[in-house]
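The analysis underlying the following values was restricted to heavy atoms, covering all of them including side chains, and did not include hydrogens, waters or symmetry mates.
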Amino acid sequence: MQLRGCGTALVTPFHQDGSIDDAALRALVAWQIESGIDFLVPCGTTGETPTLNHDEWLYVIDTTIEVAAGRVPIVVGATSNSTHDAVEKAKEVAARLGVDAILTASPYYNKPTQEGQYRHFKAIAEAVPEKPIILYNVPGRTAANLEPATLARLAEIPNIIGVKEASGNMTQIAEAINSVPETFLVFSGDDAVTLPVIALGGVGVVSVASNEIPHEMTLLTRAALNNDWLTARALNRKYLPLMQANFIESSPLPVKAVLAMMGKIEETYRLPLLPMRRDTRSKLQKIAMEAGVIAKAATAAPEAAAFFIYENWAAGPRKIVLHRGSCGQCNQGKGRPSGHDANHSNWHGPYATLAHGREAAHAMTGVLIRSECKCI
């Protein structure tokens with residue numbers, strides 16, 4: 001297994017009722033591979049893994065392996081803040097045919113010392129000596145930073161082969177790369193710093209943005225690895241706003257919102273995650289349009305059907321909101337906010353003009369609250 005390049009930290013698609021959307025998951029994995037992605041990472045943080053139960057965790061892994069069918073390496077997320085549980089999870093996935101490596105993050109919440117992290121990762125590696133282990137340093141999520149000196153000690157363990165570095169500290173990342181053997185794999189954990197990490201000696205990125213732009217992120221990463229910096233910088237310049245926008249609110253809220261705008265998944269999250277705020281969602285939609293990820297709304301002719309009314313009575317009185325059909329929340333009358341179901345909400349329209357939409361909204365009876373989306 002030659003693990004390098006761009007790997008996608010896959011989102012986990014859900015239905016409106018919160019169950020895993022099998023069809024969307026399979027289609028997403030297939031599209032990623034067809035787009036040329038180098039490897040796939042199911043059940044990482046981007047996959048909302050803390051909200052998956054044990055059976056769902058295995059289901060996402062098995063489905064990814066099945067669809068991939070050996071075409072790309074599969075690096076499975078297996079993390080716990082209990083070393084015993086982390087070891088058991090590593091053993092369970094290591095025994096599955098099709099798992100090429102295991103990604104495991106520092107213990108979260110416990111705030112272990114450097115020696116505590118060392119022993120935690122060492123125990124996992126020794127429990128599955130036949131399986132390559134990639135460490136994941138993401139102190140913004142775990143409150144535990146894996147320092148370069150500790151990483152250097154862990155790199156001496158034969159099956160610990162790499163690290164996904166998401167500390168956000170370029171000085172630390174540079175020191176980490178200098179502290180480990182040249183054969184040790186250092187992946188950027190942040191899309192926005194993929195180029196500098198590769199320039200320092202990194203071998204790629206575990207990407208959030210490649211959920212949306214797998215072909216483009218793969219081209220960017222490969223160009224940098226091949227010292228084609230002109231191409232790499234041009235792609236980075238074009239897609240950097242999208243990379244940054246994916247963290248305009250807590251990940252994976254923005255990336256799942258964009259995938260929903262693209263028609264790839266339903267925009268559904270599990271608590272404690274909630275749908276994006278309307279203002280940040282509008283910014284995200286604009287950035288996605290400018291990046292060419294979703295089509296820019298064409299200027300509607302006066303007779304074009306372009307407006308819809310969303311009626312909702314899930315809680316409290318009936319409420320209606322007037323939208324443009326091109327609005328990401330509307331999606332031509334197909335969108336539905338997380339937590340709303342078809343039994344307590346409804347789309348009306350399309351209406352040919354804004355005036356017709358407003359007229360229809362005012363004519364609706366039994367409605368207590370009338371409003372218009374910012375897209376108007």
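Here the side chain of T51 pairs a donor or acceptor atom with the backbone of E48 at under 3.5 angstrom. The closest donor-acceptor contact from the side chain of D191 to the backbone of V208 lies under 3.5 Å. Without hydrogens or angle criteria, N110 side chain to P112 main chain gives no donor-acceptor distance under 3.5 Å. The backbone N or O of C375 lies less than 3.5 Å from a partner atom in the side chain of R324, making a donor-acceptor pair. With R71 contributing its side chain and A68 its backbone, the two residues share a donor-acceptor pair below 3.5 Å. With hydrogens and angles ignored, the 3.5 Å screen pairs no side-chain donor or acceptor of W57 with any backbone N or O of P50.
The pair K256-E266 fails the salt-bridge criterion, with no side-chain N (NZ, NE, NH1 or NH2) lying under 4.0 Å from an Asp/Glu carboxylate O. Ion pairing of D100 with K131 is absent here, as no side-chain N (NZ or NE/NH1/NH2) approaches a carboxylate O to less than 4.0 Å. One finds a salt bridge joining R318 and E311 here, because a Lys/Arg side-chain nitrogen approaches an Asp/Glu carboxylate oxygen to under 4.0 Å. Remark: R96 engages D62 in a salt bridge, criterion side-chain N to carboxylate O under 4.0 Å. The existence of a salt bridge linking E147 and R153 is excluded, since no basic side-chain nitrogen approaches an acidic carboxylate oxygen closer than 4.0 Å. Looking at E267 and R281, a side-chain N of the basic residue comes within less than 4.0 Å of a carboxylate O on the acidic one, giving a salt bridge. One finds a salt bridge joining D22 and R26 here, because a Lys/Arg side-chain nitrogen approaches an Asp/Glu carboxylate oxygen to under 4.0 Å.
A cation-pi contact links K264 to W31, judged by a cut-off of 6.0 Å to the six-membered ring centre and 45° from its axis. Cation-pi check for K164 over F187 is not met; the charged atom does not lie both under 6.0 angstrom from the ring centroid and within 45 degrees of its normal.
Residues V293 and I213 meet the side-chain proximity criterion, which asks for heavy atoms closer than 4.5 Å. The shortest side-chain heavy-atom distance between T150 and E115 does not fall under the 4.5 Å cut-off.
When only modelled atom types and interatomic distance are considered, N246 and E212 share a side-chain donor-acceptor pair under 3.5 Å. Between the side chains of H54 and E92, a donor-acceptor pair is found at a separation under 3.5 Å.
Of the residues listed (S210, S35, S207), the one engaging T8 in a side chain to side chain donor-acceptor pair (under 3.5 Å) is S210, and it is the only one.
Applying the 6.0 Å contact sphere to NE2 of H84 captures no more than 12 heavy atoms from other residues, nucleotides or ligands. Shown here is K122, whose NZ atom has no more than 12 heavy atoms of other residues, nucleotides or ligands within 6.0 Å.
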Item to complete: Before giving the answer on side chain to side chain donor-acceptor pair (under 3.5 Å), spell out for D228 and T231 the whole-Å C-alpha distance, their side-chain angles and the decisive distance to 0.1 Å.
Response: CA-CA 6 Å; D228 181 2; T231 299; 2.8 Å; yes
Item to complete: For the pair Q329 and Y310, evaluate side-chain contact (heavy atoms from CB on, under 4.5 Å) and give the outcome as yes or no after the intermediate values.
Response: CA-CA 10 Å; Q329 295 184 60; Y310 182 65; over 6 Å; no
Worksheet item: Going through the checks in order, is the side chain to side chain donor-acceptor pair (under 3.5 Å) test met by N145 and Q114?
Response: CA-CA 8 Å; N145 182 39; Q114 293 302 302; over 6 Å; no
